S.K.: 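Please read through the structure below; I'll follow up with questions.
All values derive from a computational prediction rather than experimental measurement.
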Amino acid sequence: MATTDAGLASDAHEQPGHGHSDHGHGDHDHPSYLAHHFDTPEQQFDSGKLGMWLFLVTEVLFFSGMFCAYAIFRAWRPEVFEGCSQFLNTKLGAINTGVLLFSSFTMAWGVRCAQKEQHKLLTVMLATTLSCATVFLGVKAIEYSHKWHLGLLPAGLFSYDPSNPHPVGGPNYLAYICAPFVAITIGVAIWLVVSFLRGAKFQLECAKPLLVVCLCFFVGVGLGTILESGGEEGHHEDDHAVVASTDGTAAEHGKEHAHADGDQHVDHEEPAAAAVASLPAAGAMSNDSADLAVLERLASDATNTGLQDELAARKAQSERSGGGILYDVSDDASATVASAPENVLRPSRAGVFFSIYYCMTGIHAIHILAGIGVLVWLLVRSIRMDFNRNYFGPVDYVGLYWHIVDMIWIYLFPLMYLIR
Amino acid sequence: MSAGSVPSGYEVNDPGYPTPQENYLTNSKGILSWAFTLDHKRIGMMYLIGVTSAFLLGGLLALGIRLHLFAPDGILFNNALFQWLAPDKAPNDIYNQVFTLHGAIMVFLFIIPSVPAALGNFLVPVMLGAKDVAFPRLNLSSFYLWVGGALFFVMALLASGLDTGWTFYTPYSTTTDSSVILATTGAFVLGFSSIFTGLNFIVTINTMRPPGMTWFRMPLFLWATYSTSIIQVLATPVLGITLLLLIAERTLHIGIFDPEYNGDPVTFQHFFWFYSHPAVYIMILPAFGIISELISVHSHKRIFGYRFIAYSSIAIALLSFIVWGHHMFTSGMSPITTIIFSALTFTVSVPSAIKVFNWVATMFKGSISLTTPMVYAIAFIFLFTIGGLTGLHLGTLATDMHLHDTYFVVAHFHYVMVGGTVVAFLGGVFHWWPKMVGKMYSEAGGLLSAALVFIGFNLTFLPQFILGSRGMPRRYATYDPEFAPLHQMSTYGALILGVGLFVALFVLLMSLVNGKKAPANPWGGATLEWNCTSPPPFYNFERPPVVGDPYEFGDIRWDTELDRYVKVEPQRERVPSETPAETPAHASE
Ligand code: HEM
Ligand SMILES: [Cu+2]
């Protein structure tokens with residue numbers, strides 16, 4: 001009857017008498033990589049490929065729900081999105097974009113290697129792709145832990161306090177995120193040493209690239225740390241100017257309600273009011289104007305028409321919002337700018353921006369993790385030299401998956417980081 | 001060979017069906033051989049058992065609802081027994097939980113996987129002439145995801161129940177303290193189960209068709225499955241993300257759906273119905289497929305308008321994506337949006353009606369055998385027509401303002417989902433039962449069940465149209481006394497319906513005990529599944545099947561001597577050297 005695919009716990013084996021040789025699905029033309037229910041390797045490859053494409057369609061639709069949410073909320077409160085986007089570190093986002101793009105390139109090259117049976121090179125390509133993935137996660141760890149520290153969290157947990165933008169103390173989120181990676185790295189290192197001592201060649205071959213991959217996570221963390229602190233000055237100046245209160249709930253329900261039912265609301269009420277009162281004077285001076293001054297200097301170059309437009313836009317905006325985009329002016333009639341659009345007067349919804357940010361980038365990061373899982377599996381198989389010109393489907397499919405994960409990031413980056 | 005009703009000039013060209021020593025049920029033994037099977041037929045059977053259990057559980061809850069509503073103030077959840085069982089729960093709260101779990105279990109655990117995953121798994125590769133689905137392991141994982149999702153629902157039931165309605169509308173679902181997270185996790189997991197099944201079928205039908213099986217030689221059941229799969233793959237991910245965001249809303253308060261945190265509940269409704277309207281077609285399209293097979297085979301007549309039926313399935317699948325707004329006419333959309341959604345809703349009824357006309361035209365001048373499956377199929381046509389036409393009342397803006405959230409809606413969707421899908425499912429199970437288990441059931445018992453189901457169903461739900469149009473709102477535990485007679489009628493109907501369903505179950509199970517051995521082709525069908533033995537061997541076909549016209553009944557005759565259907569062909573002179581056509585074209589051999 002049928003030959004067996006290595007991984008296929010087919011019922012066929014348990015069959016006592018394979019008594020139908022007369023109409024055989026002959027063993028001879030069924031290579032070991034061909035599953036029993038397929039007739040030809042082409043059929044198997046086409047099926048896998050179509051299946052993968054369909055899976056990618058479901059992935060795109062899965063994210064499309066969040067893109068819709070993004071579009072809806074951004075359309076409602078564009079200024080919230082623009083303001084909050086300034087909390088995202090463009091440099092880190094850009095680095096990660098570059099890293100992922102490069103990993104897509106090595107992945108595509110890897111597919112080519114598999115087709116051409118360049119086993120060594122394939123291993124290198126897969127390991128490089130994996131390393132990029134872990135660098136990406138390392139950078140992301142910095143971004144996340146930094147924001148959590150500041151209290152830039154989803155709406156219900158949002159606790160950013162513009163009057164105290166650099167809280168001291170609090171849990172060391174970075175350590176929590178890194179802990180599992182440290183454990184895995186140590187594990188891989190031990191595995192490497194043990195397999196070296198026992199002379200287990202294949203295992204050693206696997207452990208070596210995997211250790212590099214693990215270490216790359218810390219490269220990412222280091223890179224992130226440097227860029228985050230390098231950007232600290234300008235970046236944080238931004239924060240002060242841009243965000244005041246963020247507690248959106250209070251005004252939605254009327255003031256009494258806020259005072260009556262949530263300590264959480266009350267917590268913010270005071271600093272919010274304070275910020276509103278103080279910031280247009282001090283805060284806006286300190287940095288929006290500094291920003292504007294730089295812009296003005298640059299824009300004075302007559303060739304720089306783009307910047308002039310930008311400058312005009314900035315000025316208009318800072319006027320409109322009274323110097324800061326996200327002031328919660330709803331509680332304080334005196335701070336209200338009469339001409340401000342209704343949107344701006346309503347409580348800030350910064351938390352919703354961060355909700356969407358965390359949902360989208362978080363689920364994207366989960367996809368990266370899943371990608372790392374399958375890439376490791378491919379790496380091991382490629383070291384085992386499983387793939388050849390007739391059988392490279394898995395590399396091809398994982399490649400497709402990896403490209404779509406990159407693509408999603410390519411959309412996320414400008415939509416999240418580049419909208420000011 | 002002298003054959004009973006084979007006309008002169010024809011000869012039987014039917015080598016008979018050698019009984020293999022082994023079939024898919026016996027080729028390996030032990031519980032593990034089932035638990036780890038990759039055989040689509042066994043997975044289909046496991047699904048069949050699974051969805052039947054879910055149906056029993058959901059049915060029990062439905063009976064609870066109907067009993068409670070026997071009197072205006074309720075008689076069940078407020079009686080002493082229930083008060084003793086759950087002293088801290090108000091009767092009306094129990095009622096809310098019971099109807100919610102009834103709906104959620106029926107929709108997510110029973111009706112969505114019923115036809116595609118249970119019957120579809122068994123039939124798709126066999127009808128196609130393939131050895132298995134394209135991804136057998138994915139298929140098995142789909143089943144275990146279903147089991148996982150079911151466990152989540154059971155946990156929700158045992159934890160603190162669920163009282164949001166199966167629609168999980170925010171903001172109630174973000175504030176209630178019932179087990180929303182467990183239930184939505186369950187629905188999320190079930191979504192993946194459904195996606196895997198759909199993906200598998202699309203790939204199988206695209207790439208595993210043997211030579212000769214062109215698109216337009218595919219039985220209509222396969223077209224229906226194919227369209228269903230498209231919806232499963234395209235709509236379910238949106239439900240997945242919606243439920244995930246809802247879970248995040250409850251745990252992290254992300255403020256996307258929850259007005260408390262500046263979220264927008266109507267956005268939830270849009271997201272939800274973007275999946276759930278197409279999902280109602282996940283429920284009904286495969287039923288259409290079953291009916292096309294049943295009507296044609298039991299009328300012994302070529303299906304009328306094959307291409308129309310095939311294309312209308314695809315049309316429905318695509319149209320179903322742009323009508324979701326008709327569930328939200330009263331949620332506060334702009335008037336122009338409601339008008340557009342209303343107009344689009346009407347377009348869906350066109351392909352649905354095309355199908356009904358074609359089925360009726362198929363029966364016209366056919367030689368109809370009133371077997372159990374055929375009786376169910378005819379019942380389907382009646383009931384689905386009522387369900388579909390009342391959908392038009394709901395799609396009309398002015399009438400929907402009045403009818404929305406009343407028993408009229410309840411009656412409408414039960415006519416399509418129970419009168420349509422469940423009746424078709426039962427018809428399909430009776431039709432393919434001999435193939436699945438190799439035993440014939442008692443025809444008299446089957447007919448009795450069909451009659452009871454038909455009468456009971458109408459008695460249950462016809463009064464609900466009247467109730468709804470007179471203003472009885474849905475999802476209420478108590479009602480005005482003026483509604484009592486109609487509610488009582490409905491409760492009596494539910495009891496009869498329940499008895500009918502148990503008769504059906506009993507008849508099918510009894511066939512395992514004392515059923516006659518089923519021939520390969522008990523109904524005289526022309527599709528490929530009737531070409532293999534009953535039950536089929538592990539690889540489906542002892543002899544690679546000849547792909548022919550799936551609705552050509554001209555060469556299938558009843559042979560009284562052999563007591564089974566045989567294939568005949570015009571008599572011709574045999575050249576002595578010519579061997580009977582025994583090994584026709586089959587893939588790569
Ligand atoms: C023939 C075309 C159909 C039309 C024009 C139609 C129209 C409608 C409309 C307008 C509603 C919303 C009523 C309201 O809430 O006010 C509705 C509800 C519903 N329909 Fe249909 N329908 C059709 C077919 C189906 C089918 C085939 C199914 C399922 C197999 C189905 C299942 C449902 C369900 C479950 C609901 C209620 C959802 C809920 O609120 O819980 N419908 N239908
Ligand atoms: Cu609908």
Side-chain angles (χ1 to χ4, degrees), chain A residues 1-2 7-17 19-20 23-26 29 35-40 43-44 46-48 50-51 54-55 57-66 68-69 72-73 76 153-158 248-249 252-253 347 349 351-352 354-356 358-359 363, chain B residues 20-22 27-29 33 36-39 42 125 130-138 195 198-200 202-204 206-208 210 233-238 240-242 244-245 248 252-256 258-264 267 270-271 537-539 542-544 583 587-589:
Chain A
M1 205 155 234
L8 233 122
S10 164
D11 303 321
H13 321 298
E14 300 152 30
Q15 221 168 328
H20 327 291
H23 59 281
H25 312 276
D29 52 1
H36 72 91
H37 56 292
F38 290 116
D39 293 316
T40 60
Q43 191 185 31
Q44 171 166 322
D46 290 346
S47 302
L50 180 61
L54 287 171
F55 176 68
V57 168
T58 68
E59 288 284 9
V60 168
L61 282 157
F62 191 77
F63 275 93
S64 72
M66 286 181 292
C68 275
I72 293 168
F73 283 91
W76 279 345
L153 290 164
L157 308 169
F158 196 87
T249 341
E252 188 84 20
H253 293 256
R349 296 180 182 181
V352 178
F354 284 99
S355 301
I356 293 178
Y358 284 118
C359 286
I363 292 179
Chain B
Q21 309 102 315
E22 303 287 349
N27 72 333
S28 56
K29 299 204 165 52
S33 76
F36 294 108
T37 184
L38 296 178
D39 181 1
R42 285 188 168 196
K131 288 178 218 153
D132 207 322
V133 293
F135 309 116
R137 269 172 286 188
L138 194 69
I195 290 176
L199 192 153
N200 223 334
I202 294 184
V203 175
T204 305
N206 264 309
T207 62
M208 309 275 288
V233 167
L234 294 186
T236 319
V238 178
I241 189 64
T242 308
L244 213 57
L245 290 178
L252 302 172
H253 305 296
I254 55 175
I256 291 178
D258 188 351
E260 177 98 8
Y261 298 93
N262 282 324
D264 175 38
T267 301
H270 279 293
F271 277 32
F538 177 65
Y539 275 132
E542 279 300 292
R543 202 181 284 108
T583 18
S588 85
E589 282 182 355

S.K.: Side chains of B:Val133 and A:His37: does their closest heavy-atom pair fall under 4.5 Å?
M.R.: no
S.K.: Sort A:Leu153 into side chain, backbone, both or neither according to what part of it lies under 4.5 angstrom from a heavy atom of chain B.
M.R.: neither
S.K.: Got a sec, which residues hit side chain to side chain contact (heavy atoms under 4.5 Å, CB included) with A:Val60, two or more places apart in sequence or on another chain?
M.R.: A:Ile404
S.K.: For the interface with chain B, which of A:Ala69, A:Ser47, A:Cys359 has the highest count of heavy-atom pairs at distances below 4.5 Å?
M.R.: A:Ser47
S.K.: For B:Leu252, is it the side chain, the backbone, both, or neither that has a heavy atom closer than 4.5 Å to a heavy atom of chain A?
M.R.: both
S.K.: Give, for atom CE of A:Met66 and atom CG of B:Leu244, the distance between the pair rounded to the nearest 0.5 Å.
M.R.: 7.5 Å
S.K.: Can you name the nearest heavy-atom pair linking B:Ile202 to A:Leu50, along with the distance?
M.R.: O-CD2, 4.4 Å
S.K.: Which bit of B:Thr242 is near chain A, if near means a heavy-atom gap under 4.5 Å: side chain, backbone, both or neither?
M.R.: neither
S.K.: May I ask you to name which of B:Leu138, B:Leu234, B:Leu245, B:Thr204 has the most heavy-atom pairs under 4.5 Å with chain A?
M.R.: B:Leu234
S.K.: For the residue pair A:His36 and B:Tyr539, does the interplanar ring angle fall in the parallel (under 30°), tilted (30 to 60°) or perpendicular (over 60°) class?
M.R.: tilted
S.K.: Working to the nearest 0.5 angstrom, can you tell me the gap between A:Leu61 CG and B:Ile241 CD1?
M.R.: 11.0 Å
S.K.: My understanding is that only residues two or more places apart in sequence, or in another chain, count here; which of them pass side-chain hydrogen bond (donor to acceptor under 3.5 Å, both in side chains) with B:His270?
M.R.: B:Trp324
S.K.: Do B:Phe271 and A:Cys68 make a side-chain contact, defined as non-hydrogen atoms from C-beta onward lying under 4.5 Å apart?
M.R.: yes
S.K.: Which one of B:Pro125, B:Ala235, B:Ala130, B:Ala134 has the most heavy-atom pairs closer than 4.5 Å to chain A?
M.R.: B:Ala134
S.K.: For A:Ile72, is it the side chain, the backbone, both or neither that has a heavy atom under 4.5 Å from a heavy atom of chain B?
M.R.: side chain
S.K.: Taking every non-hydrogen pair under 4.5 Å, which of B:Asn200, B:Val233, B:Asp258, B:Asn206 racks up the most with chain A?
M.R.: B:Val233
S.K.: Highest number of heavy-atom pairs under 4.5 Å with chain A: which of B:Thr236, B:Leu199, B:Asp132?
M.R.: B:Leu199
S.K.: Please report the interatomic distance CG(B:Asn262) to CH2(A:Trp76), rounded to the nearest 0.5 Å.
M.R.: 10.0 Å
S.K.: Given that the side chain runs from C-beta out, which part of A:Tyr358 has a heavy atom under 4.5 Å from chain B: side chain, backbone, both or neither?
M.R.: neither
S.K.: Are the side chains of B:Met208 and A:Phe38 in contact, using a 4.5 Å heavy-atom criterion?
M.R.: yes
